[in-house]
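All remarks here apply to the structure that follows.
When a ligand or atom number is given, it counts from 1 through the structure's own listing order.
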Amino acid sequence: MLTRWSQYFLNTLREDPKDSESISHKLMVRAGLVRRVGSGTYAYLPFGLRALQKVMAIIREEMNRAGAQELFLPAMTPVELWKATGRYDIMGDVLVRFKDRTGKEVVLAPTHEEVITELAKEARSHKQLPVILYQIQTKFRDEPRPRFGVIRTKEFLMKDAYSFDSSWEGLGKSYDAMYAAYQRIFSRAGLKVLACEADSGAMGGDVSHEFMAPSEAGEDRIAHCVSCGYAANLEAAKCLPPEPNPKSAQPEPMKEVQTPGQHTVEQVSRFLNVTPAQIIKTLIYEADSEVIAVLVRGDHEVNEAKLARVLKAKALRLASASTIQRVSGAPVGFAGPVGLNGAKLVADPAAAAVVNAVAGANKAETHALNVNIGRDAKPELIADVRFVTDQDVCPKCKAKLELIKAIEVGHVFKLGTRYSEALGALVQDASGGSQPMIMGCYGIGVNRVLASAIEQLNDKDGLRWPRSLAPFDAIITIMETGNQDMAKAGTDLAEKLAGSGLEVLLDDRQQSPGSKLKDADLVGIPVQVIFGKTWLAGGQVEIRSRSSRDKLTVEVPQAEGAVRKLLDTPPSL
Ligand code: ATP
Ligand code: MG
């Protein structure tokens with residue numbers, strides 16, 4: 001296919017968009033892929049849509065290969081479905097909703113578990129399962145902070161798949177098939193991803209993995225072990241208890257010290273000349289109807305997802321000032337583990353292991369010295385309830401962990417029977433009884449795959465497409481459009497390449513040669529063919545790999561072979 005740039009709706013920009021926060025945002029706007037239309041909404045222009053369609057084609061191929069069946073669901077959905085599963089309240093303001101002309105509330109679906117489960121009821125017998133259904137469709141989420149161009153928008157394309165099984169083993173197989181398809185999709189899209197163990201909510205038991213593309217534009221943080229490959233998102237990453245230290249000091253008698261005006265860990269650590277790791281922080285929570293005092297080391301932070309999970313709590317929040325005063329007997333800011341009243345004590349292993357710690361004394365402007373958990377306060381529970389830090393070791397192999405930023409491009413989730421029970425999606429089992437279908441759900445952010453590939457593959461001059469996503473395979477630049485012979489030779493080659501099945505953009509615009517070369521670099525098409533000085537001098541063209549910057553000069557008849565050779569060299573990350 002041959003496209004002439006002189007007639008193509010592709011306008012590059014020299015300036016970065018205002019408020020651009022990420023490389024993909026800048027480059028997708030400057031290279032003419034997308035334009036912002038409103039808050040969190042983007043238009044795909046022809047050049048960008050070509051790339052997006054390539055992402056979708058890869059996804060479709062791999063979903064079909066894994067045995068999933070494509071269907072298409074509406075965006076407008078009845079409010080009753082969302083109320084039936086409780087997500088009307090859980091999702092709250094994220095749901096985009098409106099009233100139709102009859103006054104009925106309609107939800108523009110942010111995801112489709114409810115709709116698909118309702119439809120899946122058509123399968124009545126376990127013999128009709130397993131089935132995996134998927135679609136690529138527009139989702140609506142009234143995100144509080146749309147940002148990073150198309151990485152977080154209010155309207156985006158998602159590939160969402162749902163599996164229905166009649167046994168838990170079956171769910172395991174469906175999950176594994178989707179997981180493997182995801183690995184293939186991301187690898188074909190030229191994207192580096194880490195499949196991360198994810199937190200699956202307070203109820204536990206479920207399995208979930210997030211596919212994370214490492215990038216500075218990522219809003220998620222993941223813990224990754226370069227040694228054994230362990231990867232988990234920060235919410236889920238496990239912390240090992242500290243190794244016993246034979247050199248640690250002997251416990252000393254506890255005593256109190258006045259610390260007027262010293263409230264934060266930093267203040268107390270400076271005032272008493274101790275490291276934050278020597279301090280125990282006490283945070284008071286309300287978990288369902290119980291008051292919980294959580295102890296973590298001064299250099300650690302409470303991970304509320306983990307805390308909710310170990311407490312099996314449905315609702316967890318920091319306690320009110322009045323609750324804190326009641327259980328600690330002191331103003332907010334001085335709670336400590338010793339002498340609390342009416343609070344269940346939960347200690348992180350690292351906090352419990354501190355010898356002669358500094359902690360709040362449950363008295364205004366006072367701290368306690370030489371606090372030793374076990375001797376001075378007995379936790380009811382010692383459990384990993386904190387976030388991992390870059391000082392922690394890998395929970396699998398104990399090598400050093402790195403904490404990196406990443407973009408969530410996909411998510412696979414064993415749902416179990418949450419939706420099938422709520423909506424009554426039952427099948428007859430082998431013994432004639434009926435049971436809820438066992439479900440999994442699997443999402444990919446189509447726009448995010450594109451943006452993440454751009455985040456990972458670019459340089460100071462612009463985009464560096466992997467061939468699989470590139471809107472065109474080759475760009476042929478005619479440096480002097482006024483030269484009829486050169487224009488004809490370039491067009492002839494473009495037609496020849498297009499005839500042989502390549503997707504070719506012919507830059508036949510009447511612009512300065514320098515700006516055309518700049519544009520070719522900016523739009524990042526993998527192979528550049530230049531009709532310029534060498535052609536005038538001796539009928540040769542220059543062929544450049546956009547990604548590796550390898551160059552060769554060949555006679556026109558050899559151009560096709562050279563283009564194909566460079567195309568087959570993938571860009572290095
Ligand atoms: P996030 O944590 O980033 O808000 P999520 O966990 O809510 O995402 P899922 O419900 O798992 O998202 O949706 C499946 C996929 O859809 C995500 O993995 C992501 O790639 C994509 N996605 C989610 N929200 C957005 C958005 N606002 N804009 C673009 N893509 C999105
Ligand atoms: Mg997710």
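- Salt bridge status for Arg467 with Asp568: present, with a side-chain N to carboxylate O gap under 4.0 Å.
- Closest to atom 11 (O) of ligand 1 among all protein heavy atoms lies His411 ND1, 3.1 Å.
- The single protein non-hydrogen atom nearest to atom 14 (C) of ligand 1 is Met158 CE, 3.7 Å, given as residue, atom name and distance.
- Looking only at N/O/S atoms, Glu408 comes nearest to the Mg ion (ligand 2) through OE2.
- When only non-hydrogen protein atoms are considered, atom 31 (C) of ligand 1 lies nearest to Phe156 CE1, 3.4 Å.
- The distance criterion of under 3.5 Å between nitrogen or oxygen atoms is not met by Asp220 with respect to ligand 1.
- Atoms of ligand 1 lying under 4.0 Å from any heavy atom of Gly410, numbered from 1 in the order shown and given with element: 18 (O).
- His300 and Thr389 share no donor-acceptor pair across their side chains, judged by distance under 3.5 Å alone.
- Inspection of the Thr102 and Asp100 side chains reveals an N or O donor paired with an N or O acceptor under 3.5 Å.
- Not less than 6.0 angstrom separates the ring centroid of Tyr179 from the ring centroid of Tyr442.
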Applying side chain to side chain donor-acceptor pair (under 3.5 Å) to Tyr230 and Lys238, what does each step give before you reach the verdict? CA-CA 11 Å; Tyr230 171 81; Lys238 297 182 185 72; 4.7 Å; no
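- Under a 4.0 Å criterion applied to the non-hydrogen atoms of Glu143, ligand 1 contributes the atoms 24 (N), 26 (C), 27 (N).
- Taking distance alone, with nitrogen or oxygen atoms compared against 3.5 Å, Gly443 stays at or beyond that limit from ligand 1.
- For the pair Ile151 and ligand 1, a heavy-atom separation below 4.0 Å is found.
- Under a 4.0 Å N-O distance rule, the pair Arg30/Asp519 does not qualify as a salt bridge.
- For atom 7 (O) of ligand 1, the candidate residues are Lys139, Lys154, Arg141; the nearest heavy-atom contact is made by Arg141.
- In this comparison of Arg152, Glu219, Met91, Arg147, the heavy atom closest to atom 4 (O) of ligand 1 sits on Arg152.
- For ligand 1, the polar-atom distance check against Ile444 finds no nitrogen or oxygen pair separated by under 3.5 Å.
- By the 4.0 Å N-to-carboxylate-O rule, Arg546 lies close enough to Asp459 to be salt-bridged with it.
- At least one heavy atom of Val409 sits less than 4.0 Å from an atom of ligand 1.
- Here the rule is side chain to side chain donor-acceptor pair (under 3.5 Å) with Tyr88, and of Glu80, Arg97, Glu114 only Arg97 fits it.
- Between the side chains of Glu455 and Ser24, at least one donor N or O lies within less than 3.5 Å of an accepting N or O.
- Note on Asp165 versus Lys173: no salt bridge recorded, every NZ/NE/NH1/NH2 to OD/OE distance being 4.0 Å or above.
- Closest N/O/S atom of His411 to the Mg ion (ligand 2): ND1.
- At the top of the distance list for atom 8 (O) of ligand 1, counting protein heavy atoms only, stands Glu408 OE1, 3.9 Å.
- Protein heavy atom nearest atom 28 (N) of ligand 1, with residue, atom name and distance: Thr153 N, 3.1 Å.
- Residue contact check: Gly445 has heavy atoms under 4.0 Å from atoms 15 (C), 16 (O), 20 (O), 21 (C) of ligand 1.
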